[in-house]
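FYI, side chains are in, hydrogens and waters are out, and symmetry mates aren't considered; it's all heavy atoms of this structure. First listed ligand is number 1; within each ligand, the first listed atom is number 1.
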Amino acid sequence: MVSRVIPVDPFDLVIFGGTGDLAKRKILPGLFRRFVSGQMPSEALIMGAARAKMNDTEYRDLVKIAILEFGSASLDEKLLVDFLDKVTYLRIDATGEAGWLELSQSMRNGPVRAFYFSVAPSLFGALAERLKKHKIALSDSRIVVEKPFGRDLESAKILNATLAAHFSEDQIYRIDHYLGKETVQNLMAVRFGNLLFEPLWNSQYIDHIQITVAEKVDVEGRGEYYNTSGAMRDMVQNHLMQLLCLIAMEPPAQFNPDAVRDEKLKVIRALDKVPPHHIVRGQYEASSDSFGYREHANDAKSRTESYVAIKAHVSNWRWAGTPFYMRTGKRLRSRCSEIAVVFKQPPHSIFGSEAGTHRNALVIRLQPDEGITMDMTIKEPGPGGMRLITVPLDMTFSEALGPAAEEVPDAYERLIMDVIRGNQTLFMRGDEVEAAWEWTDPIIKGWKERNDVPKPYDAGSSGPDDALMLLHREDRKWRPI
Ligand code: NAP
């Protein structure tokens with residue numbers, strides 16, 4: 001089966017922060033891959049913008065190095081030259097007047113105009129204002145904004161209002177790159193495209209859900225910034241809650257942006273307030289070969305969490321009684337992101353108690369090795385009676401799909417193409433972001449009021465012991481990471 005690549009319309013894409021880490025690691029290599037695949041049309045133009053003094057040639061060298069470092073393994077020199085031909089650079093200060101006239105003159109009439117704000121959120125307002133003031137952004141132009149979208153409800157509201165002063169909601173694309181992952185979309189296809197799962201998709205058949213985003217790395221030189229944020233703001237409020245929404249939401253009437261986002265919003269609004277004993281915070285300790293969190297954060301008394309585990313409840317008809325366990329942390333045993341939908345046991349075992357307890361689990365793995373498996377109970381092959389074992393049924397269908405299954409675009413490249421297509425389904429709406437902060441704010445505030453101290457955990461472990469207990473005391477256990 002050959003994958004279908006439909007080219008998007010011609011576009012002018014301006015990347016503010018075009019010399020930054022995100023542009024070099026994700027945006028530019030992603031655009032190159034879309035160019036190679038034939039999805040980015042030859043009429044497209046990409047303009048990097050930042051304050052650094054640089055000409056087009058120097059910027060193309062920077063882009064080339066970024067693609068060589070972070071782009072595809074096999075590289076066609078001719079295609080790279082053709083791609084770089086579409087790249088230019090403009091020196092622009094988001095907060096000053098330099099460069100805006102030149103940008104205005106560089107924009108063409110006709111192609112879709114998109115502006116990627118790959119800069120600190122403190123610059124979003126200045127960029128939005130100048131794009132409008134200089135009539136560079138038109139009524140159908142799009143802006144793409146990165147996380148963090150605020151650090152609490154109040155700041156998110158201010159940010160939303162700042163952008164809304166210049167752009168309408170259907171022009172604003174708030175990125176959560178987890179939503180751009182192939183498997184996350186496949187989760188929706190599996191759930192809503194098959195009759196098999198939906199009748200079972202409720203608290204009557206589902207025992208619990210586990211959402212894990214485990215990182216092996218530490219705070220990677222961002223310690224001082226991370227110390228002002230923590231796992232709750234950095235990961236739970238956005239990525240983990242978005243995944244929870246996709247699992248818990250009601251079937252939208254259609255797969256269109258507002259129908260999907262309306263359903264996700266309802267889930268966030270149905271989340272119960274979390275009592276303190278349903279949350280475990282942790283901080284990784286120093287190990288023989290590396291510093292601990294507090295050294296990395298340069299704050300000997302830091303109370304910021306590098307790990308958090310939460311038991312959440314979605315209080316609605318479908319999910320009453322089914323807990324959603326979420327955990328995320330740094331410096332853990334392995335890098336692993338997955339959602340596991342763990343079904344209840346059959347009501348009666350005809351095989352007797354010696355057959356053991358077995359449960360079906362639908363596991364949506366986001367990284368590494370994106371894919372979906374279904375844990376099934378089967379008979380252990382061979383003689384010796386009826387012994388049951390659990391084996392994963394691979395639902396990624398790589399054999400059936402052939403090379404198409406290998407050519408999966410990275411989340412960023414897919415999302416940028418969606419921006420050009422004008423499809424907001426996989427982007428967060430302003431009210432969703434605010435609702436997510438409304439749920440997380442009291443949790444963070446509670447820690448502060450109680451002077452909560454995170455539990456230490458060993459680097460390379462699966463997190464603090466208390467997090468294991470969160471499930472153990474309910475006769476459940478986390479999947480291994
Ligand atoms: P970065 O490496 O610090 O890059 C910042 C970029 O902004 C540089 O190109 C910088 O170039 C430019 N810039 C700074 N001040 C400017 C101004 N006044 N006018 C115009 N350009 C200005 O940051 P980053 O890691 O790429 O992150 C960019 C955004 O993405 C941030 O909001 C971050 O939170 C978010 N994000 C990043 C990642 C990631 O993996 N890096 C992941 C998720 C979200 P000059 O200094 O030359 O102007």
For [atom], what's the nearest protein heavy atom and its distance?
atom                    : result
atom 33 (C) of ligand 1 : K147 O, 3.7 Å
atom 28 (C) of ligand 1 : S118 O, 3.2 Å
atom 6 (C) of ligand 1  : G17 CA, 3.5 Å
atom 21 (N) of ligand 1 : A50 CA, 3.8 Å

Shortest reach to [atom] by a heavy atom, considering only [options]:
atom                    : options             : value
atom 4 (O) of ligand 1  : G20, A94, G18       : G20
atom 42 (C) of ligand 1 : N238, D21, I15, L22 : L22
atom 22 (C) of ligand 1 : R91, K24, R51       : R51
atom 13 (N) of ligand 1 : V119, I27, I92      : V119

Ring geometry between [Y] and [X] (parallel below 30°, tilted from 30 to 60°, perpendicular above 60°):
X    : Y    : answer
H296 : F291 : perpendicular
F16  : F117 : perpendicular
Y325 : H208 : perpendicular

Ligand-residue contact atoms, ligand 1 with [X], heavy atoms, under 4.0 Å:
X    : answer
T19  : 8 (C), 9 (O), 11 (O)
P121 : 32 (O)
A52  : 47 (O)
D93  : 17 (C), 18 (N), 19 (N)
P148 : 34 (O)
R25  : 39 (C), 40 (O), 41 (N)

Do [Y] and [X] meet the salt-bridge criterion of a basic N to acidic O distance under 4.0 Å?
X    : Y    : value
R429 : D262 : yes
R331 : E215 : no
D82  : K78  : yes
R303 : D452 : no

Requested in this report: Determine, step by step, whether K24 and D21 satisfy the salt bridge (Lys or Arg N to Asp or Glu O under 4.0 Å) criterion, reporting the C-alpha distance in whole Å, the side-chain angles of both residues, the deciding distance to 0.1 Å, and the verdict.
Outcome: CA-CA 5 Å; K24 287 193 281 195; D21 179 66; over 6 Å; no
Query - Protein heavy atom under 4.0 Å of atom 18 (N) of ligand 1 - result: yes
**Report entry** E146 contact mode with ligand 1 (heavy-atom cut-off under 4.0 Å)
**Finding:** side chain
Requested in this report: Would you kindly say whether E220 and Y226 are connected by a side-chain donor-acceptor distance under 3.5 Å?
Outcome: no
**Report entry** NZ or CZ of K147 within 45° of F149 ring axis and under 6.0 Å
**Finding:** no
